[in-house]
Amino acid sequence: MVIQLMDHIFEKYSVRKPENLIPLLQEIQREKGCLTDEIIEKVSVFLNIPTNKIYGVATFYDQFRFRVRGQYHIQVCRGTSCYLCSSSYYLKEIEKVLKVKSGSVSRDRKFSLEIVSCMGGCSHSPVIRINDTFYSNIRPGEIAGIIKALKEKTV
């Protein structure tokens with residue numbers, strides 16, 4: 001089923017070169033939400049690249065994921081600067097409000113939570129990213145209000 005649904009993506013890459021691996025994975029993930037074993041095997045056959053090489057690339061870059069994310073994907077930075085600015089309190093508050101642990105998706109599939117090693121916003125620590133919006137210099141007590149607003153938002 002997934003294989004047939006990806007044919008239109010494969011058609012865009014008529015030249016089957018290893019250099020197409022990353023853009024191909026990006027496009028598939030954009031459409032499917034994540035990379036599955038079945039997808040990796042199909043890409044392996046299509047590009048004639050061993051699956052272990054594809055997994056090597058997909059696990060090296062943090063842009064690729066093997067689980068579906070929530071509608072709102074929350075990333076909490078745990079880089080040195082954010083860690084020293086108590087990002088762990090923010091993480092605990094998010095976990096408490098959403099009732100999820102890092103690496104999980106909420107029951108309603110609206111939120112997912114992830115710890116990341118660095119977002120490059122060290123001078124604005126601690127930094128939290130929700131989809132494409134960055135939050136910095138906020139207090140842990142503000143987290144509940146931000147999440148509440150997202151829960152009430154209709155897309």
Side-chain angles (χ1 to χ4, degrees), residues 2 5-6 9 13 18-44 47 49-155:
V2 170
L5 297 175
M6 293 187 334
I9 296 173
Y13 297 91
E19 295 83 26
N20 289 332
L21 177 60
I22 291 175
L24 182 60
L25 292 176
Q26 289 170 326
E27 192 163 345
I28 291 169
Q29 181 174 272
R30 194 169 22 260
E31 184 169 311
K32 303 295 176 198
C34 67
L35 303 174
T36 64
D37 291 341
E38 184 181 10
I39 288 170
I40 298 293
E41 289 172 19
K42 176 71 174 173
V43 170
S44 172
L47 292 177
I49 298 173
T51 56
N52 65 334
K53 297 281 188 191
I54 296 171
Y55 279 109
V57 169
T59 56
F60 178 79
Y61 295 104
D62 67 359
Q63 66 178 301
F64 296 115
R65 58 191 171 276
F66 299 95
R67 289 189 224 159
V68 176
R69 289 181 174 175
Q71 178 184 354
Y72 297 105
H73 184 63
I74 303 172
Q75 295 174 302
V76 178
C77 182
R78 291 294 296 236
T80 303
S81 182
C82 289
Y83 179 80
L84 292 173
C85 290
S86 303
S87 63
S88 59
Y89 291 118
Y90 295 80
L91 179 64
K92 287 177 186 173
E93 183 65 17
I94 294 167
E95 289 176 338
K96 183 176 93 177
V97 170
L98 292 177
K99 297 177 178 67
V100 307
K101 294 288 184 190
S102 179
S104 300
V105 179
S106 62
R107 287 182 189 246
D108 61 4
R109 296 211 168 287
K110 209 164 188 181
F111 295 92
S112 52
L113 179 59
E114 176 184 24
I115 297 171
V116 295
S117 54
C118 186
M119 288 191 212
C122 302
S123 62
H124 303 285
S125 297
V127 179
I128 296 169
R129 179 180 180 182
I130 302 176
N131 293 350
D132 294 325
T133 303
F134 290 86
Y135 297 86
S136 62
N137 300 316
I138 59 173
R139 295 187 183 104
E142 296 175 75
I143 297 290
I146 293 168
I147 291 172
K148 181 181 179 196
L150 292 172
K151 283 182 177 181
E152 293 171 352
K153 188 175 181 180
T154 57
V155 176

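Keep in mind that the numbers below use all heavy atoms, side chains included, and drop hydrogens, waters and symmetry copies.
- Scanning all heavy atoms of the two residues, the minimum distance from Ser106 to Val100 falls at CA-CG1, 3.5 Å.
- By the 4.5 Å heavy-atom criterion applied to side chains, Thr59 and Phe66 are counted as neighbours.
- Proximity of a side-chain donor or acceptor of Ser125 to a complementary backbone N or O of Cys85 within less than 3.5 Å is not detected.
- Within a 6.0 Å radius of OH in Tyr83, other residues, nucleotides and ligands contribute 12 heavy atoms or fewer.
- The residues Lys96 and Glu93 are annotated as salt-bridged, a charged nitrogen and a carboxylate oxygen being separated by less than 4.0 angstrom.
- The closest side-chain heavy-atom distance from Ile128 to Ile146 is not below 4.5 Å.
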From CA spacing to verdict: side chain to side chain contact (heavy atoms under 4.5 Å, CB included), Lys151, Leu98: CA-CA 10 Å; Lys151 283 182 177 181; Leu98 292 177; 4.2 Å; yes
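- Annotation: the span from His124 atom NE2 to Asn137 atom CG amounts to 7.5 Å, rounded to 0.5 Å.
- When every heavy atom of Phe64 is checked against every heavy atom of Ala58, the shortest pair comes out as CB-O, 3.4 Å.
- Taking each heavy atom of Cys34 and Val68 in turn, the nearest pair found is SG-CG2, 3.7 Å.
- Panel note: side chain Tyr90, backbone Ile138; a donor-acceptor pair is recorded below 3.5 Å.
- Asp37 contributes atom CG, which lies 3.5 Å from atom OH of Tyr55 (distance to the nearest 0.5 angstrom).
- Interatomic distance, Arg139 CZ to Ser86 OG, rounded to the nearest 0.5 Å: 13.5 Å.
- Using a 4.5 Å heavy-atom cutoff, the side chains of Arg69 and Val105 are not in contact.
- Side-chain contact between Lys42 and Glu38 is absent, with no heavy-atom pair separated by less than 4.5 Å.
- Closest approach of Ala144 to Val97, counting heavy atoms only: CB-CG2, 4.0 Å.
- The two residues Gln63 and Gln29 come nearest to each other via the heavy atoms O-NE2, 2.8 Å.
- A 4.5 Å side-chain heavy-atom check between Arg78 and Ser88 finds at least one atom pair inside the cut-off.
- In terms of heavy atoms, Ser87 sits closest to Val76 at O-CG1, 4.0 Å.
- Ser44 places a side-chain N or O within 3.5 Å of a backbone atom of Ile49 that can act as its donor or acceptor partner.
- A salt bridge does not link Glu114 to Arg65: none of the charged side-chain nitrogens sits closer than 4.0 Å to a carboxylate oxygen.
- Two residues are said to be in side-chain contact when any heavy atoms from C-beta on lie closer than 4.5 Å; Leu35 and Ile54 fail this criterion.
- The shortest side-chain heavy-atom distance between Leu21 and Lys53 does not fall under the 4.5 Å cut-off.
- Using a 4.5 Å heavy-atom cutoff, the side chains of Ile130 and Phe111 are not in contact.
- Interatomic distance, CD of Gln71 versus NZ of Lys110, reported as 5.5 Å (0.5 Å rounding).
- Between the CD1 atom in Ile147 and the OH atom in Tyr72 there is a gap of 12.0 Å [rounded to 0.5 Å].
- Taking OG1 from Thr51 and CD1 from Ile39, the interatomic distance works out to 14.0 Å, rounded to the nearest 0.5 Å.
- Other residues, nucleotides and ligands contribute more than 12 heavy atoms inside 6.0 Å of the CZ atom of Phe134.
- Side chain to side chain, Tyr135 and Glu142 fail the donor-acceptor criterion of an N or O pair below 3.5 Å.
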